[in-house]
Amino acid sequence: MRHKILDLVGDLALAGRPILGRVVANCPTHALTFAFLTELMRHPECWDVVRLTEASTAGTDRTADRPT
């Protein structure tokens, strides 16, 4: 199981930027993670690029409206 987590973290690093968020995966694979990142990048309205100072002060406010 640990190697799957490391694979997922490594695959998410392919996004080219640190990801500030929560990822829940059930039986992740390289192909599934790549498909997720591809789809996510195709929809820039679903994500924001923030500065670390913004994220540290507004992180809880940014996720308060979103379902868990």
Side-chain angles (χ1 to χ4, degrees):
M1 181 59 108
R2 290 180 188 167
H3 74 280
K4 289 286 189 183
I5 295 168
L6 290 173
D7 285 346
L8 178 63
V9 170
D11 291 344
L12 290 174
L14 295 174
R17 298 180 182 268
I19 296 178
L20 176 66
R22 179 176 160 181
V23 176
V24 178
N26 185 14
C27 300
T29 63
H30 293 291
L32 185 60
T33 306
F34 181 76
F36 165 72
L37 286 175
T38 301
E39 191 65 18
L40 184 64
M41 294 302 140
R42 285 184 52 207
H43 297 280
E45 69 276 7
C46 294
W47 49 271
D48 294 320
V49 175
V50 296
R51 295 177 188 240
L52 185 56
T53 55
E54 292 174 22
S56 62
T57 59
T60 54
D61 295 336
R62 297 176 69 75
T63 59
D65 304 350
R66 298 182 182 167
T68 57

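- For the side chain to side chain contact (heavy atoms under 4.5 Å, CB included) test with Thr33, the passing option among Val9, Leu12, Asp7 is Leu12; the others fail.
- In this structure, Trp47 is a member of the same hydrophobic cluster as Val23, with clusters built from ILVMFWY side-chain heavy atoms closer than 4.5 Å.
- Leu40 and Val49 fall within a single hydrophobic cluster, where Ile, Leu, Val, Met, Phe, Trp and Tyr side chains are chained together by heavy-atom contacts under 4.5 Å.
- Atom-to-atom distance recorded for Phe36:CZ and Met41:CE is 8.0 Å, nearest 0.5 angstrom.
- The two residues Cys27 and Leu32 make their nearest non-hydrogen contact at O-CD2, 4.5 Å.
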